[in-house]
Amino acid sequence: MDKISGLLFDLDGVIVDTAKYHFLAWKKLAEELNIPFNEQDNERLKGVSRMASLEIILEIGGRTMSDEEKNSCCDKKNRLYVSYIEKLKKDEILPGVKEFLVDARKKGFHTALGSASKNSKLILDKLEINDLFDAVVDGTKVSKAKPAPEVFEQGAKELNLPSEQCIVFEDAAAGIKAAHNAGMKAVGIGSEKILFEADLIIQGFKDITVSDIIKKLYRIVKK
């Protein structure tokens, strides 16, 4: 086994649950476009870029738009989303995440965020955990959406580590694929039904350490 030195984290659904704010923003935009949009539809948007999300909504509504109209809609959705996350409180970080990050860094692991969100730094500021990441790779630095591996490859590059020394934590199927496409092990956070391709699945970070993850991950891999 390669020595694990880097831990890469998705943001939404892993560090904090901002999915509800994405849903509210997309739903409001969809309503203005007279396109029906519910929580089941919203599942298809997890882990994909803003423009790709809009394309899915337009597909649901059987609609087409010019590139200019699409850009305008994406900008509007982002303004709605930012208006919600500007009210984010630091206690909205998911249970056990901060303790996991602090413990990992004390043990010498390097940490990076790997998210499609262009609002990552604002969210980390609101949660007061910016200092717990050595690198932040988000939608302002990469253009290829998951399952393309770009966001995680860039994360490893900024940590100055080879892919095989990194573990990715993800809550979306596209993110699990992106991790594997980058040559990294993937830990799924959430449903086994959705994240069945992950190398290990956990329900969250509460009462879990990075040592627990590595032991479980490589015990499973060896089988």
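Just the heavy atoms: all of them, side chains too, but no hydrogens, waters or symmetry mates, feed the values below.
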For residues 96-103, dump all side-chain donor-acceptor pairs below 3.5 Å to protein atoms at least two apart in sequence or in another chain.
unit_1, atom_1, unit_2, atom_2, d
Asp103, OD1, Lys107, NZ, 3.4
Asp103, OD2, Lys107, NZ, 3.1

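Residues passing the ring-ring contact (aromatic ring centres under 6.0 Å, His included) test with Phe23 are Phe37, sequence neighbours excluded. In terms of the ring-ring contact (aromatic ring centres under 6.0 Å, His included) criterion, Phe109 has no residue partners (sequence neighbours excluded). Take Ala182 and apply the side chain to side chain contact (heavy atoms under 4.5 Å, CB included) test, not counting sequence neighbours, and it matches Pro149, Phe152, Glu153, Met184.
Environment of NZ in Lys77: crowded, with over 12 heavy atoms of neighbouring residues, nucleotides or ligands closer than 6.0 Å. Heavy atoms of other residues, nucleotides or ligands lying less than 6.0 angstrom from CD of Gln40 number 12 at most. More than 12 heavy atoms of other shown residues, nucleotides or ligands fall within 6.0 angstrom of atom NZ in Lys141. Annotation for Asn160: atom CG does not count as buried by contact number, only 12 or fewer foreign heavy atoms lying within 6.0 Å.
Residue pairs meeting the salt bridge (Lys or Arg N to Asp or Glu O under 4.0 Å) criterion with at least one partner in residues 49-66, sequence neighbours excluded, are Arg44-Glu59, Glu55-Lys70. Screening residues 13-29 for salt bridge (Lys or Arg N to Asp or Glu O under 4.0 Å), with sequence neighbours left out, gives Lys20-Glu92, Lys27-Glu31.
In this structure, Ile85 CD1 and Ile123 CD1 are separated by 4.0 Å, a value rounded to the nearest 0.5 Å. To the nearest 0.5 Å, atoms CD1 (Ile57) and CH2 (Trp26) are separated by 5.0 Å. The CG atom of Leu217 sits 5.0 Å away from atom CD1 of Ile167, with the distance rounded to the nearest 0.5 Å.
Side chain of Asp138 to backbone of Leu113: no donor-acceptor contact under 3.5 angstrom is found. Thr18 contributes no side-chain N or O that, together with a main-chain N or O of Tyr21, makes up a donor-acceptor pair within less than 3.5 Å. In this structure a side-chain-to-backbone donor-acceptor pair under 3.5 Å is present from Lys87 to Ser83. Within the 3.5 Å criterion, the main-chain N or O of Gly183 finds no donor-acceptor partner in the side chain of Glu164. Under a 3.5 Å cut-off, the side chain of Asp41 and the backbone N or O of Asn38 do form a donor-acceptor pair. In this structure a side-chain-to-backbone donor-acceptor pair under 3.5 Å is missing from Glu128 to Lys90. Without hydrogens or angle criteria, Lys216 side chain to Ile214 main chain gives no donor-acceptor distance under 3.5 Å. For the pair Gln165 (side chain) and Pro162 (backbone), a donor-acceptor distance under 3.5 Å is absent. For the pair Gln203 (side chain) and Gly190 (backbone), a donor-acceptor distance under 3.5 Å is present. Side chain of Asp134 to main chain of Ala112: no donor-acceptor pair is present (N/O by atom type, distance under 3.5 Å, no hydrogens or angles).
With hydrophobic clusters built from ILVMFWY side chains whose heavy atoms lie under 4.5 angstrom apart, Ile176 does not share a cluster with Val137.
Nearest heavy atoms, Ala148 versus Ala178: O-CB, 3.5 Å.
Thr209 and Asp212 share a donor-acceptor pair across their side chains, judged by distance under 3.5 Å alone.
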- Message: Pair Leu8, Glu170 - check side-chain contact (heavy atoms from CB on, under 4.5 Å), show working.
- Response: CA-CA 9 Å; Leu8 283 71; Glu170 262 285 354; over 6 Å; no

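Between His22 and Tyr81, the ring planes are parallel. Angles under 30° get that label, and only those over 60° would be called perpendicular.
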